[in-house]
2 protein chains.
Amino acid sequence: MGRTSDAREKILTAAHSLIELRGYSALGVAEICKAAGVPKGSFYYFFESKEALALAVLDEHWEAQRSDWARVLEEDAQPLSRLRRLFEETEAGLRAGQQSCGTVSGCIFGNLTLELSNQTEPIRERLQQIFDTQVEMVDKVIAEARERGEVAVGDTREAARSVVAQLEGQVLFAKLYNNTQHLEALWDNCLSLLSARRTDTAAVSS
Amino acid sequence: MGRTSDAREKILTAAHSLIELRGYSALGVAEICKAAGVPKGSFYYFFESKEALALAVLDEHWEAQRSDWARVLEEDAQPLSRLRRLFEETEAGLRAGQQSCGTVSGCIFGNLTLELSNQTEPIRERLQQIFDTQVEMVDKVIAEARERGEVAVGDTREAARSVVAQLEGQVLFAKLYNNTQHLEALWDNCLSLLSARRTDTAAVSS
DNA sequence: CGCAAGTGTACGACCGATCGTCTATGCCGA
DNA sequence: TCGGCATAGACGATCGGTCGTACACTTGCG
C-alpha cells in the first residue's frame, strides 16, 4: 500500500514555518494542524508526539541547510571566498524570509536552542549534533585557508566555533530589531576572528 | 493601611529563576506561584498579567546587571582591561549559575529575545532598549580605547554590536552544551574584533 | 479609651478555553 | 469482505485570568 495522504508533509511544512515564527512552546498542535489543513485527529497518526514533530522538523530543515552549506563550502574557489559566500547566502535567506512574512524569524536552530535545550534532552542532543556539524564544516574551510597561508589562527576548531557564534549572535540582533542590515558586518567580523592577533595583548593583561 | 506582604518580591524572584531555567511560554502562572509559595489568587493582585510579570523581571534583572556592568566598565583602569574584566565576570556568573542549578541557563535577555521578540511587542521593545544600552556601554569603552590608540576600528558602535553579538553567540553554545569552557575564548575574540583588519582582504573579494 | 465603620490587601474557588494525547470508528482500495 | 490508513471527538489536565470575600489595619465617633 503506497501512501495516499500527504498530510505528514503538510504538517511538517506548516510546523516548520510556525515554529520559526512563534517558537515551540507557544505553539499548539491544533494550530499546526489548522495551518496545514489537516484534521487534528490525524496528527498522532503521523507523529508520535509534539516533540517528535519538532525533531522531524529539525532533521528536515537541517538536511536542507546542510546541503546548501555543503554546496557553497565545497565549491571550487578560494576557501575564504567560499566562507564569504556562506554569509552572503545566509543574509539573503534571512532577508527573503523577512520579505515573505514581514518578520525576521532568525535561525530555527538558535531559536530552539535557547528555548528548549534545557527542557528536553532529545532536542538538545539533536541541536548539538547540528551545531557540531556546522562548526566542523566551517573548521574544514578555515583549516584549508590556513594551509594556504591566508589566515593565521592557532586552533581552527575554536575559530570556527567563534565564527558560528558570531553568526548566531548577529542573527539574534537581526531578529530582535527586525532588521537584516547589520548582518553585512558578518564577513568583516569573520575576517577579524581569523586574523592573527596583534601581539601587544600583554599590555592589558592583568 | 491593610496587611503588607512580600509576595510580590517572592513572585519576582521565583519567576526570574524559573524563566531563566524553563523559558516563558512553557511556564505557567500556577507553577510560578507554587515555587514562590504564594497563592495563585494573589498573583493577579500584584501583576496585571503574565506578560507584565515578564517585563518586571526583565526590568529588575537588567537594573542589577546594568549596575554590574557600569561598575566594571567605569573602573579606573585601562579601557581594554575593563572590557576584559566584563567578560571574566560574565563567565564567572554563568559558571556560578551552572554550579547552583546544574545547568547553564544562559542570558535571560538572549533567551527571551529568541523566544518572544516576534510574539509580543512590549517585550521586544524592552529587550531592544536593554541591548541598545549594553552596546552603548561597550561602545564607550571601545571609543576610549581608540582615542588612546589601543584599537583601530572604524565604527565603534558597530564594533560594540559585534562584541555583544559574539558574547550572546558564545553563551548560546555554553547553554547548548551545558559547558562554560569555551567562554574563555571571549576575550581573545573580542581583541580580534577590535583589531585593525589586515589589508589583504582584496585578495578574496569577488 | 472602646468599638464599629470604612478601606485597601490578600486570597481560594472557579471560569471558559486550550493544552497534548488517545480511542473508537469511518472509509477506501484491494 | 477485509485490513489498515485516516479521522472525529472527547479525555483529563492545565492554561491565563476573574471575582467575591475574609482579613488587617486606620479612622472617627461615642
Side-chain angles (χ1 to χ4, degrees), chain A residues 1-58 112 115-116 118-124 126, chain B residues 1-58 111-112 115-124 126:
Chain A
M1 269 280 275
R3 157 159 288 122
T4 59
S5 166
D6 59 347
R8 191 189 143 90
E9 282 68 30
K10 289 198 289 189
I11 291 175
L12 268 175
T13 304
H16 178 197
S17 53
L18 277 175
I19 288 177
E20 211 165 38
L21 201 64
R22 317 223 295 102
Y24 174 83
S25 301
L27 206 61
V29 172
E31 184 178 351
I32 296 169
C33 293
K34 189 180 171 189
V38 169
K40 185 184 170 190
S42 297
F43 182 89
Y44 284 87
Y45 174 73
F46 294 105
F47 296 96
E48 197 177 305
S49 67
K50 188 188 173 192
E51 180 180 309
L53 167 67
L55 287 171
V57 166
L58 280 179
L112 292 185
E115 186 182 350
L116 298 177
N118 280 347
Q119 298 283 332
T120 87
E121 215 52 40
I123 290 183
R124 162 184 247 145
R126 197 72 110 257
Chain B
M1 288 297 282
R3 294 176 280 176
T4 58
S5 163
D6 58 348
R8 190 189 144 89
E9 281 67 33
K10 288 197 290 188
I11 292 175
L12 268 176
T13 304
H16 178 199
S17 54
L18 277 174
I19 288 178
E20 211 166 39
L21 200 64
R22 315 224 294 103
Y24 175 82
S25 301
L27 206 62
V29 172
E31 184 177 351
I32 296 169
C33 292
K34 189 179 170 188
V38 169
K40 187 185 169 192
S42 297
F43 180 91
Y44 286 89
Y45 174 74
F46 295 105
F47 296 96
E48 197 178 306
S49 66
K50 188 187 173 193
E51 181 180 309
L53 167 68
L55 288 170
V57 167
L58 281 179
N111 295 349
L112 292 185
E115 186 181 350
L116 298 178
S117 65
N118 280 348
Q119 299 282 333
T120 86
E121 215 52 41
I123 290 184
R124 163 183 245 147
R126 197 71 111 256

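Per chain, numbering begins at 1; letters A, B, ... match sequence-line order.
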- Query: Can you pull the side chain to side chain donor-acceptor pair (under 3.5 Å) pairs that have at least one residue in residues 33-42 of chain B, sequence neighbours excluded?
  - Reply: none
- Message: For a quick check of understanding: with a heavy-atom distance under 4.0 Å over all strands, which category does L27(B) fall into, base, sugar-phosphate or nothing?
- Response: sugar-phosphate
- Note on the structure: Here the gap from L21(B) atom CG to L27(B) atom CG, rounded to the nearest 0.5 Å, amounts to 9.0 Å
- Note on the structure: By side-chain contact (heavy atoms from CB on, under 4.5 Å), I123(A) pairs with (sequence neighbours left out) E51(A), A54(A), L55(A), L58(A), L116(A), T120(A), L127(A)
- Query: T13(B): what forms a side-chain contact (heavy atoms from CB on, under 4.5 Å) with it, not counting sequence neighbours?
  - Reply: none
- Task: Mind running a 4.0 Å heavy-atom check of residues 28-43 of chain A against DNA chain D and sending the residues that fall below it, in number order?
- Result: P39(A), K40(A), G41(A), S42(A)
- Task: Could I get the full list of side chain to side chain donor-acceptor pair (under 3.5 Å) partners for N118(B), not counting sequence neighbours?
- Result: R124(B)
- Message: Suppose we screen for side chain to side chain donor-acceptor pair (under 3.5 Å). Which residues come up paired with Q119(A), at least two apart in sequence or across chains?
- Response: R22(B)
Atom [atom1] of [X] to atom [atom2] of [N]: distance rounded to whole Å?
X      : N       : atom1 : atom2 : value
K50(A) : dT18(C) : NZ    : P     : 15 Å
K10(B) : dA10(C) : NZ    : P     : 11 Å
E51(A) : dC19(C) : CD    : P     : 18 Å
F47(B) : dA10(C) : CZ    : P     : 12 Å
Y44(B) : dC15(D) : OH    : P     : 11 Å
Y45(A) : dC28(C) : OH    : C1'   : 13 Å
E9(B)  : dT9(C)  : CD    : C1'   : 14 Å
D6(B)  : dC11(C) : CG    : C1'   : 15 Å

